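What follows is a short report on a single structure.
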Amino acid sequence: SVGVTLLGRLDQLSLAEKMRQAEVFVLPSYYEGLPLVVAEALSCGCKVVVTDLPGLRSWLPQDVVESGWVQLVELPPLKSVDQPRESALPDFVQQLREALQRSLSSSVERPESLDRFLRQQTWAGVAGRINRVYERLVADS
């Protein structure tokens with residue numbers, strides 16, 4: 001049996017500390033813009049189980065997903081933007097359970113590309129990418 005603790009709302013420092021103590025972070029969300037909490041959990045050393053939200057696969061490095069460090073769970077059929085069909089929930093919960101068990105039982109090493117990806121998600125990394133795009137635009141004009 002897997003021990004799960006629901007912590008409720010935490011301030012940023014407490015959240016980071018809890019993530020550093022955890023082995024796996026689970027985000028069973030039906031709708032997110034860009035779930036930065038996934039990058040935060042990865043930065044704290046957690047493996048991640050997350051719903052396969054639109055845009056997530058193209059944002060995460062492919063080898064990180066393929067390694068099993070991040071487990072993507074199929075989004076259940078939705079009746080509205082962020083509400084699943086009730087009939088789909090038992091299968092969704094089972095898929096989450098299986099992904100969590102795979103993640104906990106896996107001894108896969110942290111992928112080498114993960115640190116490079118996480119550096120790109122910092123303010124400095126984002127600013128650097130914006131600056132490079134700007135410089136290309138200026139050079140092309």
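These numbers come from a predicted model, not from an experiment.
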Can any side-chain N or O of Arg110 pair as donor or acceptor with the backbone N or O of Leu42 at less than 3.5 Å?
yes
Taking Trp69's backbone N and O only, do any of them form a donor-acceptor pair with Ser67's side chain (distance below 3.5 Å, no angle check)?
yes
Residue pair [X] / [Y], side-chain heavy-atom distance below 4.5 Å:
X: Pro28; Y: Val73; result: no
X: Pro61; Y: Leu114; result: no
X: Cys46; Y: Val24; result: no
X: Gln71; Y: Val48; result: no
X: Leu75; Y: Asp52; result: no
X: Leu27; Y: Pro35; result: yes

Side chain to side chain donor-acceptor pair (under 3.5 Å) with [X]: which residues, sequence neighbours excluded?
X: Gln95; value: none
X: Glu32; value: Ser29
X: Thr122; value: none
X: Asn131; value: Glu135

Approximate separation, where rounding is to 0.5 Å, of [X] [atom1] and [Y] [atom2]:
X: Thr51; Y: Glu74; atom1: OG1; atom2: CD; value: 10.5 Å
X: Arg9; Y: Leu15; atom1: CZ; atom2: CG; value: 11.0 Å
X: Arg132; Y: Leu137; atom1: CZ; atom2: CG; value: 13.5 Å
X: Ser43; Y: Met19; atom1: OG; atom2: CE; value: 9.5 Å
X: Phe117; Y: Asp63; atom1: CZ; atom2: CG; value: 11.0 Å
X: Ser106; Y: Lys47; atom1: OG; atom2: NZ; value: 4.0 Å

Side chain to side chain contact (heavy atoms under 4.5 Å, CB included) involving Leu7 - partner list, sequence neighbours excluded
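Once residues adjacent in sequence are excluded, the partners of Leu7 under the side chain to side chain contact (heavy atoms under 4.5 Å, CB included) criterion are Thr5, Leu10, Lys18.
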How close do Pro84 and Pro76 get, counting heavy atoms only, and between which atoms?
CB-CG, 4.0 Å
Contact summary for Val138 and Ser141, nearest pair of heavy atoms
O-OG, 3.0 Å
Listed by chain and number, what are the ring pair (Phe, Tyr, Trp, His ring centres under 6.0 Å) partners of Tyr30, not counting sequence neighbours?
Phe92
Is it true that, when you exclude Gln120 itself, more than 12 heavy atoms of the residues, nucleotides or ligands shown sit nearer than 6.0 Å to its CD?
yes
Could you point out which residue of Gln94, Arg102, Gln101 forms a side-chain hydrogen bond (donor to acceptor under 3.5 Å, both in side chains) with Glu98?
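By the side-chain hydrogen bond (donor to acceptor under 3.5 Å, both in side chains) criterion, Glu98 pairs with just one of Gln94, Arg102, Gln101: Gln94.
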